[in-house]
Amino acid sequence: MLGGMKTNSTPCPPLVSIADMARMAKVLKLLAHPYRLKIVDILDREKAVPVHTLTQQLRQPQALVSNHLRKMLQAGLVARERRGKEVWYSVGDRRSLTILNCMRAKKGVA
């Protein structure tokens with residue numbers, strides 16, 4: 001106790017480097033798109049889905065959905081697996097669900 005006040009015994013996390021912040025900002029920028037957030041939302045609920053399911057749920061052409069998935073795959077946000085003739089996608093980085101859940105909690109707040 002300091003001066004009669006309790007102190008938090010949990011140490012502060014180390015400072016994050018600018019390089020790490022830049023990588024984080026890149027991922028946040030990638031997720032700052034309604035269709036990409038919806039893709040993460042669908043994958044969170046369904047666990048794994050083929051591309052045609054995403055195109056149906058998003059009501060968007062396959063070329064557009066595939067373009068979003070390609071960018072997300074490159075960043076490691078989604079994972080893919082070939083099942084026969086179909087490519088199935090799932091969440092590749094579970095931390096993206098944390099971001100989505102924070103946004104879900106703030107739904108309706110401007």
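- Between Q57 and E46, some side-chain heavy-atom pair lies under the 4.5 Å cut-off.
- Nearest heavy atoms, Y89 versus V51: CE1-CG2, 3.3 Å.
- Residue R80 holds its CZ atom at 5.0 Å from CG of L73, rounded to the nearest 0.5 Å.
- Counted within 6.0 Å of CZ on R83, heavy atoms from surrounding residues, nucleotides or ligands total more than 12; the atom is thus considered enclosed.
- D44 and V91 make their closest contact through N-CG2, 4.1 Å (heavy atoms, listed as atom of the first residue, atom of the second, distance).
- The distance from the CE atom of M24 to the CD1 atom of I18 is 10.0 Å, given to the nearest 0.5 Å.
- Residue E86 holds its CD atom at 11.5 Å from CD of E81, rounded to the nearest 0.5 Å.
- In this structure, H52 has no ring pair (Phe, Tyr, Trp, His ring centres under 6.0 Å) partners at least two apart in sequence or on a different chain.
- For R94, there are no side chain to side chain donor-acceptor pair (under 3.5 Å) partners at least two apart in sequence or on another chain.
- Atom CE of M21 is separated from atom CZ of R23 by 11.5 Å, given to the nearest 0.5 angstrom.
- Here the straight-line distance linking atom CG of L54 with atom CG of L64 works out to 11.5 Å at 0.5 Å rounding.
- The shortest heavy-atom contact between V78 and L69 is CG2-O, 3.8 Å.
- Separating the CG atom in L58 from the CG atom in D41 is a distance of 10.0 Å, to the nearest 0.5 Å.
- Contact between A75 and L30 at its shortest, heavy atoms only, is CB-CD2, 3.4 Å.
- Residues R82 and K85 approach most closely at NH1-O, 3.5 Å, considering heavy atoms.
- The environment of K29 atom NZ is sparse: at most 12 non-hydrogen atoms of other residues, nucleotides or ligands sit within 6.0 angstrom.
- In terms of modelled atom types and a separation under 3.5 Å, the side chain of R36 and the main chain of M72 share no donor-acceptor contact.
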**Request:** For V40 and L77, run side-chain contact (heavy atoms from CB on, under 4.5 Å): C-alpha distance rounded to whole Å, both residues' side-chain angles, the deciding distance at 0.1 Å, then the answer.
**Result:** CA-CA 8 Å; V40 174; L77 294 173; 5.6 Å; no
